[in-house]
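Notes follow once the structure below has been shown.
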Amino acid sequence: EPEVTQTPSHQVTQMGQEVILRCVPISNHLYFYWYRQILGQKVEFLVSFYNNEISEKSEIFDDQFSVERPDGSNFTLKIRSTKLEDSAMYFCASRGAGGPNTGELFFGEGSRLTVL
Amino acid sequence: DAKTTQPPSMDCAEGRAANLPCNHSTISGNEYVYWYRQIHSQGPQYIIHGLKNNETNEMASLIITEDRKSSTLILPHATLRDTAVYYCIVRVAGSSSGSARQLTFGSGTQLTVLP
């Protein structure tokens, strides 16, 4: 069964460092998403991406965040200068195209980011 | 997207049916009901969705009331591996028009299946 894969599974970084989280969405999917979940809290939407541009973003997704689909397979989330409060599990998701009766998002297993 | 209300937690005996309720009294005509679950910090997993008819797949059944203001997810024979947080989400379905239509997760229902 096709799946969304994410790397690394766990990254520890120092505050102020740049971090790139990588995702390989399902190959024929067209819509891509990043969510995050701080320990013990809700899953929060960060950003969606379609046709090589950001489709929607939340208030969390400020100037220190960026996304890219550099080579047609990877979908990356970059945090320019990490803060302690960026510590969370980051989930990538993708969705295929389709008519109005679709909409299932496939999620990866997540990348745990720990900022010290 | 319409707001949903779910009980924070429920228990179910292994092998019995788990019935998870969801209220979505402000749902509008073009909004679907989606159910996802999250097993202990893993990525959320799609279960089922529906518009107004009841739906069934290999994982679960979805019963939507006639007025569409509430729904119930049924896991017919719960196992220990079904212990998870279950999210009921209401939103307009994705389309091919380019709308990414992200999901908004609430707090969900923590289902604990007891041996």
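Numbers restart at 1 for each chain; the letters A, B, ... are given by sequence-line order, proteins then strands. Keep in mind that the numbers below use all heavy atoms, side chains included, and drop hydrogens, waters and symmetry copies.
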Is there a ring pair (Phe, Tyr, Trp, His ring centres under 6.0 Å) between A:F45 and B:F105 once you walk through the steps?
-> CA-CA 8 Å; A:F45 168 72; B:F105 288 84; over 10 Å; no
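If you chain together hydrophobic residues whose side chains sit under 4.5 Å apart, A:I26 and A:L30 never meet in one group. Under a hydrophobic clustering in which Ile, Leu, Val, Met, Phe, Trp and Tyr are joined whenever their side-chain heavy atoms come within less than 4.5 Å, directly or via other members, B:M59 and B:L62 fall into the same cluster. Side-chain heavy atoms closer than 4.5 Å link hydrophobic residues (I, L, V, M, F, W, Y) into clusters, and following such links, even through other members, never connects A:V4 to A:Y50. Both A:I60 and A:L84 are part of a single hydrophobic cluster, where members link through side-chain heavy atoms under 4.5 Å apart. Under a hydrophobic-cluster definition in which Ile, Leu, Val, Met, Phe, Trp and Tyr are linked whenever side-chain heavy atoms come within less than 4.5 Å, directly or via other members, A:F65 and A:F75 are assigned to the same cluster.
From B:L103, atom CG reaches atom OH of A:Y33 across 7.5 Å, with rounding to the nearest 0.5 Å. In this structure, A:M89 CE and B:Q42 CD are separated by 9.0 Å, a value rounded to the nearest 0.5 Å.
Crowding of A:R80 atom CZ: a count of heavy atoms from other residues, nucleotides or ligands under 6.0 Å exceeding 12.
The backbone N or O of A:L105 lies less than 3.5 Å from a partner atom in the side chain of B:Y36, making a donor-acceptor pair.
In terms of heavy atoms, A:V43 sits closest to B:Y87 at CG2-OH, 4.2 Å. Between B:S41 and A:F91, the closest heavy-atom pair is O-CZ, 3.6 Å.
For A:Q37, the part lying near chain B is the side chain, with the backbone staying farther off; criterion is any non-hydrogen pair under 4.5 Å.
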